[in-house]
Amino acid sequence: MKTYFKYVKPYILFFIFGPLLMLSEVAGEIVLPKFMAMMINHVEYAQNPHGGYIAGVAACMVGCIGVMICGGLGGHYLSTKASVLFCADLRRDLFKKVQEFSFENIDKFSTGSLVTRLTNDITQLQNFVRMCLIMAMRSPGMLIGGIIMACSINIKLAGVLLVVMPCLVLTIFLLMKTAFPRFELMQKKLDGLNSAIQESITNVRVIKSFVREDFEREKFGAANTDLRDTALRALKIVVCTMPVMTLAMNVTTLAVVYNGGKFVIGGTMKVGDLTAFTTYIVQILMSLMMVSMVILQSSRAMASSERVREVLGAEVTLTDENAAKKDKKVERGEIEFKNVSFGYYKNNNVLSDISFKVEPGQTVGIIGATGSGKTSLVQLIPRLYDTSAGQVLVDGVDVKDYSLRNLRDGVGMVLQKNVLFSGTIEENLKWGDENATEEEIRAAAAAAQADGFINEFTDGYSMELGQGGVNVSGGQKQRLCIARALLKRPKILILDDSTSAVDTATEARIREAFSGTLKDTTKIIIAQRISSVIDADKIIVIDEGKVAGEGTHSALMSQCDEYRDIYYSQNDKEVSA
């Protein structure tokens with residue numbers, strides 16, 4: 001409750017008046033059988049039945065029904081509105097928390113699981129809150145009111161409740177105890193299905209190119225069948241509830257009618273009173289049935305609630321709460337690594353004792369074999385991950401002392417995996433600067449050698465990109481991502497193998513444009529081709545997570561065996577080609 005009260009507080013009036021309005025329905029349910037009994041008894045036992053009496057009671061019943069309708073409509077409306085607003089705010093904060101997650105946090109939960117928690121789990125909570133608000137006053141009100149009215153009519157006959165109610169309460173308890181773990185498991189299976197769907201749809205082109213549709217169908221079928229079987233096992237509890245409750249209701253009604261009939265025959269009870277008593281017994285049992293449904297829904301909601309609270313309460317592993325210089329911004333672009341080690345898992349470093357320095361405005365190439373740790377190295381600069389040991393300094397300040405916003409505002413990064421979003425080309429480029437003018441956008445695109453192919457599209461910069469940029473080629477996607485980073489005008493620009501799909505002539509023109517548009521920007525270029533970094537001010541060779549060499553191309557050719565091996569292997573390929 002402590003977790004969720006902040007979402008209740010803004011709409012507290014809805015949470016209060018919704019259930020209160022439902023009391024009008026309860027009052028009607030309790031009063032109407034009494035009015036009906038009065039009419040039957042008057043007709044059955046009065047020596048001179050009077051039509052005016054019947055009409056008066058009927059008018060009271062109509063008025064009562066009118067109040068019930070108004071109260072019921074108002075109660076349902078306010079309860080529905082309260083539950084929707086409550087969950088909208090909860091979903092907003094849950095999404096905000098996910099946005100704050102580090103890569104480590106996201107890896108822990110998995111993308112599919114986070115999608116399930118933001119959608120299905122929140123929906124389960126919304127349904128539960130709405131049901132609770134509608135039933136919060138109605139079910140207890142009908143139960144208490146029905147018992148009082150039944151006892152007032154014939155307390156001996158009401159004794160049947162002493163047998164039925166304990167049995168039903170025990171049944172409800174056992175149902176809840178069985179249902180909770182089953183619903184919790186069902187939500188986990190839904191996580192797995194969502195992950196499978198997301199992976200399959202995202203990678204549909206790879207699946208088709210390798211003709212693996214049958215394999216993916218089988219994999220999806222297995223996940224879907226697993227969820228189906230788990231859901232059926234959980235929903236069996238719901239299926240069993242209604243027959244059990246209906247059987248109890250019918251048996252109790254029969255017992256009441258049988259014993260009540262004896263009282264009527266013996267003259268100790270009137271026919272109208274027996275009719276009202278039977279109605280009250282049904283209301284009591286119906287209220288218990290409502291309670292059982294709320295409890296069943298609560299078992300599923302509790303499982304979803306625990307999953308939501310797990311995300312809300314997760315400790316973000318990378319924050320700037322202890323940053324000593326939150327107001328400082330990146331101004332020069334100087335970078336220094338001091339004895340840096342890093343690993344994604346404890347005692348398993350991918351980088352060991354890395355030390356080097358990059359002066360402001362320099363162009364630095366980073367080269368090395370696949371898996372040597374090049375990408376891991378540059379991800380430490382904008383603090384996508386934190387070091388395991390040592391320091392990364394930007395402008396002489398530890399990156400941990402910057403606010404994440406200021407640090408990342410000063411660093412532009414074109415990731416190894418190029419990502420574009422659904423929307424126009426212009427909207428995607430404006431991720432670099434949302435206030436950029438048309439001229440600035442075109443200038444950045446021209447520097448990235450993207451303006452030419454953009455203008456060839458029918459809609460130009462207004463062309464709609466599919467999700468992930470599926471309707472442009474790999475080379476075009478890379479150049480758009482470079483243009484987006486250039487538009488940011490960062491003090492440090494990191495290009496992580498971001499021209500691998502671009503021909504060497506276009507790549508050369510991009511590098512030439514950098515010398516003009518990014519003269520004062522520190523540029524770090526990760527590349528597989530030595531030709532991409534041969535003219536850099538400094539080249540750093542990474543081998544098995546360590547710095548194997550550092551210097552210009554000519555210096556490394558004379559001093560670094562690893563660099564020479566890469567150079568000659570690539571030249572041999574070019575000669576043989």
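It should be emphasised that the depicted structure is a prediction, and the values quoted were computed from it without experimental measurement.
- Aromatic ring pairs are classed by plane angle as parallel below 30°, tilted from 30° to 60° and perpendicular above 60°; the pair F457 and F453 is perpendicular.
- Although no hydrogens or angles enter the test, the distance criterion places a donor-acceptor pair under 3.5 Å between the side chain of D503 and the main chain of T506.
- Salt-bridge annotation for D497 and K374: absent, with no side-chain N of the basic residue lying under 4.0 Å from a carboxylate O of the acidic one.
- Residue E544 places its CD atom among 12 or fewer non-hydrogen atoms of other residues, nucleotides or ligands, all under 6.0 Å distant.
- The neighbour count for R405 CZ, taken as heavy atoms of other residues, nucleotides or ligands under 6.0 Å away, does not exceed 12.
- A salt bridge is defined here as a Lys NZ or Arg NE, NH1 or NH2 lying under 4.0 Å from an Asp or Glu carboxylate O, and E507 with R511 meets this definition.
- Ion pairing between K219 and E216 holds under the 4.0 Å rule for side-chain N and carboxylate O.
- Salt bridge status for E306 with R309: present, with a side-chain N to carboxylate O gap under 4.0 Å.
- Sparse packing is recorded around CD of E321, with 12 or fewer heavy atoms of other residues, nucleotides or ligands lying under 6.0 Å away.
- Ion pair E331/K491 not flagged as a salt bridge, since none of the NZ, NE, NH1 or NH2 atoms sits closer than 4.0 Å to an Asp/Glu carboxylate oxygen.
- Test N224, D226, T230 against K189 for side-chain hydrogen bond (donor to acceptor under 3.5 Å, both in side chains) and you get one pass: D226.
- By the 6.0 Å contact criterion, CZ on R564 is enclosed, its count of non-hydrogen atoms from other residues, nucleotides or ligands being greater than 12.
- A perpendicular orientation is assigned to the rings of F103 and Y385, their planes being inclined by more than 60° (bins at 30° and 60°).
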field: Stepwise side-chain hydrogen bond (donor to acceptor under 3.5 Å, both in side chains) test for N120 and T123
entry: CA-CA 5 Å; N120 187 270; T123 300; over 6 Å; no
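- Electrostatic pairing of K96 and D93 does not count as a salt bridge here, judged by no charged N lying under 4.0 Å from a carboxylate O.
- Other residues, nucleotides and ligands place more than 12 heavy atoms under 6.0 Å from the NZ atom of K97.
- Taking a 6.0 Å sphere around CG of D327, one finds it holds 12 or fewer heavy atoms contributed by other residues, nucleotides or ligands.
- Of the charged side-chain nitrogens involved, none lies within less than 4.0 Å of a carboxylate oxygen, so that K328 and D401 do not count as a salt-bridged pair.
- Checked for salt-bridge contact, R383 and D386 meet the test: a charged N lies under 4.0 Å from a carboxylate O.
- Using bins of under 30°, 30° to 60° and over 60° for the plane-to-plane angle, the ring pair F15/F86 lands in the perpendicular bin.
- When the shell of 6.0 Å around CZ of F95 is examined, it contains 12 or fewer heavy atoms from other residues, nucleotides or ligands.
- Across I354, V399, D398, a single residue satisfies side chain to side chain contact (heavy atoms under 4.5 Å, CB included) together with V392, and that is V399.
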